[in-house]
Amino acid sequence: MRSILALTLSTLLSATSCAAMAREHTQVCDYKLHYDVRSDADGLSLLESNQERVRIEPGRLRVDGESVSLTPSEQRRLQHYARDLRRFTQEATSVALEGVQIGLEGATLAVTTLTGKPLAADTRARMQDLQRRFAERFDGRLLSADSFGPDFDREIDASVDELVDELAEQALGGAGSMLSLALFAPSRLEARAAQVEQQVTQQIQVRADVLEHRAEGLCKQVQTLDGLENSLGRFDLFSIDGPSI
C-alpha cells in the first residue's frame with residue numbers, strides 16, 4: 001500500500017509542479033503595477049486604495065481630479081497608451097487564467113489516467129468552483145496591482161493544494177486495482193505510472209511553452225507602455241527592474 005501511496009503522490013506532485021512552472025512563465029520579466037487598472041466603455045481608471053488617481057478618456061487626461069492640458073502630440077501618445085493598456089489588461093488576465101487552468105487539468109489528467117475512472121462529482125464541483133473564483137477575479141475589466149505578486153501565488157498554491165489532497169483521496173479510494181497490480185503484475189503498475197507521467201508532461205509542457213511565449217509578449221507590451229508613460233511624464237503605472245528572460 002505504501003508503494004501505491006508513493007505512486008499517487010508523486011504523480012500528483014508532477015502535475016502540480018507543472019502548474020507552478022506554468023505560473024512562473026507568466027512572470028518572465030520583473031515589473032510591478034503601482035495602481036489597479038479598471039476599464040469601462042468610456043475609458044480607463046488607475047486606482048489606489050479604490051480611489052481614482054488617473055482617468056484616461058479619448059483626448060482627455062485627469063490626474064488627481066485635475067484636467068491636464070495636452071498637446072496634439074501628447075493626445076496621440078495618450079490614445080496609443082490607452083489602446084495598448086486595454087490590450088495588456090485583457091492579455092494579462094487571460095494568461096493568468098490559462099496558468100491556473102493548466103494546473104487543474106494536469107492534476108485531473110494524472111488522477112483519471114492513474115485510476116482509469118472519471119473524477120467524482122463532488123471533486124468536479126470543487127474544481128468548477130475554483131475556476132469560477134479565478135474567472136471572477138480576472139474578468140478583463142479590473143487588473144489589481146497585486147494580481148501577480150506573492151499574495152496571489154500563495155492563494156493559488158493553497159487552493160491547488162486543497163484540490164490535490166482531494167484528488168489524492170479519490171485516487172487512493174480506488175487503490176484496489178493498483179494493489180492487485182502491485183502484488184501480481186508490478187511491471188504493469190510501473191507501466192501505468194510511466195503512462196501517467198508521460199501524458200501529463202507532454203500535454204502540460206506544450207501548453208506551458210505556449211504560455212511562456214505569450215508572457216514574453218506581455219513583457220514587450222509593458223516596455224512599450226512604460227516608454228509612453230515616460231514620454232508623457234504625467235503618471236507612472238509601471239516599474240520595470242529589468243527582464244529576466
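Each residue takes its place number in the sequence, starting with 1. Remember, it's a predicted structure, so these values are computed and weren't measured experimentally.
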Could you walk me through whether V210 and E98 pass the side-chain contact (heavy atoms from CB on, under 4.5 Å) check? CA-CA 10 Å; V210 172; E98 177 68 5; over 6 Å; no
Test R62 against V68 for side-chain contact (heavy atoms from CB on, under 4.5 Å), laying out the working first. CA-CA 6 Å; R62 291 200 310 272; V68 176; over 6 Å; no
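Only one option out of V63, L33, L85 pairs with L46 in a side chain to side chain contact (heavy atoms under 4.5 Å, CB included); it is L85.
Pairs engaging residues 34-43 under the side chain to side chain donor-acceptor pair (under 3.5 Å) rule: H34-S239, D40-R55 [sequence neighbours left out].
Using a 4.5 Å heavy-atom threshold, the side chains of V54 and L61 count as touching. Between L237 and L225, the closest side-chain pair of non-hydrogen atoms is not below 4.5 Å. Counting heavy atoms from C-beta on, the side chains of I56 and F235 come closer than 4.5 Å. Residues R133 and D129 meet the side-chain proximity criterion, which asks for heavy atoms closer than 4.5 Å. Put simply, the side chain of L143 reaches to within 4.5 Å of the side chain of F88, judged on heavy atoms.
Note that the CD atom of Q221 and the CD atom of E91 stand 6.5 Å from one another [nearest 0.5 Å]. Taken to the nearest 0.5 Å, the NZ atom of K220 stands 11.0 Å off from the CG atom of L218. Note that the CD atom of Q75 and the CG atom of L232 stand 11.0 Å from one another [nearest 0.5 Å]. Separating the OG1 atom in T89 from the CZ atom in R87 is a distance of 12.0 Å, to the nearest 0.5 Å. Of the inter-residue distances, the one linking L78 atom CG with R234 atom CZ reads 9.5 Å to the nearest 0.5 angstrom.
Looking at residues two or more places apart in sequence or on another chain, you find no side-chain hydrogen bond (donor to acceptor under 3.5 Å, both in side chains) involving Q51. For Q131, the side-chain hydrogen bond (donor to acceptor under 3.5 Å, both in side chains) test picks out Q101, with sequence neighbours left out. Judged as a side chain to side chain contact (heavy atoms under 4.5 Å, CB included), and not counting sequence neighbours, the contacts of T71 are S73, E74. Scored by the side-chain hydrogen bond (donor to acceptor under 3.5 Å, both in side chains) test, T224 finds no partners at all (sequence neighbours excluded). Scanning for side-chain hydrogen bond (donor to acceptor under 3.5 Å, both in side chains) contacts around Q90 gives an empty result, with sequence neighbours left out.
Here the shortest heavy-atom pairing between E52 and S45 reads OE2-OG, 2.6 Å. Of all the heavy atoms in R86 and G43, the pair that sits closest is NH2-O, 3.2 Å.
A salt bridge links R132 with E136; the closest basic N to acidic carboxylate O contact falls under 4.0 Å.
The environment of CZ in R83 is crowded: more than 12 heavy-atom neighbours from other residues, nucleotides or ligands sit within 6.0 Å.
Judged purely by atom type and a 3.5 angstrom limit, R77 has no side-chain atom pairing as donor or acceptor with the backbone of E229.
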